[in-house]
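Remember, it's 1-based here, ligands and their atoms both numbered in the order they're listed. Sequence positions, counted from 1, serve as the residue numbers for this chain.
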Amino acid sequence: MLKENLEHVEEEILKACKRSGRSRDEVTLISVSKTKPVEIVEEAYSLGVRSFGENKVQELTEKYDALPKDIHWHMIGHLQRNKIKYIIGKTALIHSVDSIRLAEAIEREAAKRDITVDILIEVNVAGEESKFGLKPEELNGFVEDVQKFPHIRVKGLMTIAPYVENPEDNRSVFAHLRKLSVDIEAKNAHNINMSVLSMGMTNDYQVAIEEGATMVRVGTGIFGARQYSQTNAG
Ligand SMILES: *Cc1c(COP(=O)(O)O)cnc(C)c1O
């Protein structure tokens, strides 16, 4: 099943790239393995998957310890400042930086270890109450402030679009995130580039690619429905 799912998603990515005149290698598929046991992640690994997304610190670190070290781990969930120390140095990219206080805490841990941490700025484009992320109008201030942090490299923007029946309804959300990234890029700010646009999930990654996504985060479409247990609920 996993193999077929991966092939299907891969095909859809390719088609979306073709439709929008983009090259396949502009888009990275992140397989969102949250709630899935290590054995399933191993199976995906054996099929060639190297980029996985997790939304809980404990789950990410457990899988990091258990699995091969050439995996790129993407932290895509809300991050508490007191937990950064557990994942620092283990992530290829933290997608979910949503406040300058969080960036400051990452800077502190990164400086201790003398490493540079790649991050994305999470933006709540659609303004949903229930979602984390900076408001679009807070971006400029964040970009000003984050330049003070020498151990952080901002690589782009991330958004979680609303759940919609028709993925076309999220097209404007994706286009808006892209526009925000073009505006920031134009500032030529120190330690900031906008090469990554992390947007699109199982329900709408094709539309996100058409609107410029360079990373899509697909969970259910690859691994099937999630398995919530007491340790990873919520
Ligand atoms: C769970 C999750 C995904 C994957 O969602 P699916 O709809 O299962 O593809 C993507 N991004 C984030 C931030 C998530 O938490």
Side-chain angles (χ1 to χ4, degrees), residues 1-2 4-13 16 27-37 40-41 43-44 49-63 71-80 83 87 91-99 102 118-134 155-171 173-174 177 196-229 231-234:
M1 204 53 200
L2 189 52
E4 286 76 13
N5 289 348
L6 274 167
E7 283 168 2
H8 173 73
V9 171
E10 185 52 47
E11 231 167 75
E12 290 293 316
I13 291 175
V27 180
T28 302
L29 169 62
I30 297 170
S31 299
V32 177
S33 48
K34 64 189 190 199
T35 81
K36 299 291 166 183
I40 303 281
V41 182
E43 193 186 336
V49 178
R50 293 295 179 271
S51 296
F52 292 95
E54 290 288 340
N55 71 337
K56 295 265 189 292
V57 165
Q58 192 183 339
E59 211 179 328
L60 189 151
T61 55
E62 281 170 12
K63 288 176 183 168
I71 289 177
H72 291 177
W73 292 103
H74 292 258
M75 178 60 191
I76 61 175
H78 183 63
L79 191 50
Q80 286 168 311
K83 293 199 175 158
I87 59 159
T91 55
L93 189 60
I94 301 175
H95 292 229
S96 43
V97 176
D98 58 2
S99 72
L102 178 60
D118 288 344
I119 68 160
L120 302 180
I121 310 169
E122 180 173 352
V123 189
N124 186 354
V125 177
E128 287 180 286
E129 288 282 335
S130 60
K131 297 253 165 81
F132 293 104
L134 294 180
K155 307 290 278 187
L157 304 180
M158 179 272 226
T159 198
I160 303 175
Y163 179 78
V164 289
E165 288 290 328
N166 180 356
E168 283 297 328
D169 294 346
N170 277 336
R171 190 176 288 279
V173 172
F174 300 139
L177 192 73
V196 176
L197 269 184
S198 169
M199 57 189 194
M201 318 194 336
T202 295
N203 196 42
D204 53 19
Y205 63 94
Q206 297 95 330
V207 175
I209 290 169
E210 289 169 15
E211 295 301 326
T214 69
M215 288 186 181
V216 291
R217 311 177 306 263
V218 179
T220 318
I222 292 173
F223 295 106
R226 276 183 280 279
Q227 298 154 335
Y228 287 105
S229 70
T231 51
N232 55 29

Exercise for review: May I ask you to test the Y205-V9 pair for a side-chain heavy-atom distance under 4.5 Å?
Suggested key: yes
Practice item. Quick one: look up the protein heavy atom nearest atom 12 (C) of ligand 1 and list residue, atom name and how far away it is. Key: I76 CD1, 3.5 Å
**Study point:** CA sep, side-chain torsions, deciding dist, call: E122, H95, side chain to side chain contact (heavy atoms under 4.5 Å, CB included)
**Key:** CA-CA 7 Å; E122 180 173 352; H95 292 229; over 6 Å; no
Study note, to complete from the structure: Counting from 1 in the order shown, the ligand 1 atoms closer than 4.0 Å to a non-hydrogen atom of G219 are 4 (C), 6 (P), 8 (O), 9 (O)
Review point. Does CD in E168 sit with more than 12 non-hydrogen atoms of other residues, nucleotides or ligands closer than 6.0 Å?
Key: yes
**Study point:** Candidate pair E62 and Q58, rule side chain to side chain donor-acceptor pair (under 3.5 Å), full reasoning
**Key:** CA-CA 6 Å; E62 281 170 12; Q58 192 183 339; 2.9 Å; yes
Point to revise | atom 2 (C) of ligand 1 [closest protein heavy-atom partner, distance rounded to 0.1 Å] | key: K34 NZ, 2.5 Å
Exercise for review: Would you tell me which option among H95, M199, M201 has the nearest heavy-atom contact to atom 5 (O) of ligand 1?
Suggested key: M201
Revision key, fill the gap. of all protein heavy atoms, closest to atom 11 (N) of ligand 1 is R217 NE, 2.8 Å
Practice item. Just let me know how I160 lines up against ligand 1, side chain, backbone, both or neither, with a heavy-atom cut-off below 4.0 Å. Key: side chain
Review point. At a 4.0 Å threshold, what atoms of ligand 1 neighbour a non-hydrogen atom of T220?
Key: 6 (P), 7 (O), 8 (O), 9 (O)
Review point. In the protein, which heavy atom is nearest to atom 6 (P) of ligand 1, and how far is it?
Key: T202 OG1, 3.4 Å
Check your understanding: Do any nitrogen or oxygen atoms of R226 come within less than 3.5 Å of a nitrogen or oxygen of ligand 1?
Key -> yes
Practice item. Any atoms of ligand 1 less than 4.0 Å from a non-hydrogen atom of V218? List them with their elements. Key: 9 (O)
Point to revise | Derivation of the side chain to side chain contact (heavy atoms under 4.5 Å, CB included) call for H74 and T91 | key: CA-CA 6 Å; H74 292 258; T91 55; over 6 Å; no
Review point. Under the 3.5 angstrom rule, does the side chain of N170 hit a backbone N or O of P167 as a donor-acceptor pair?
Key: no
Check your understanding: Taking K155 as the fixed residue, which of I121, D118, T214 is the one that meets the side-chain contact (heavy atoms from CB on, under 4.5 Å) rule?
Key -> D118
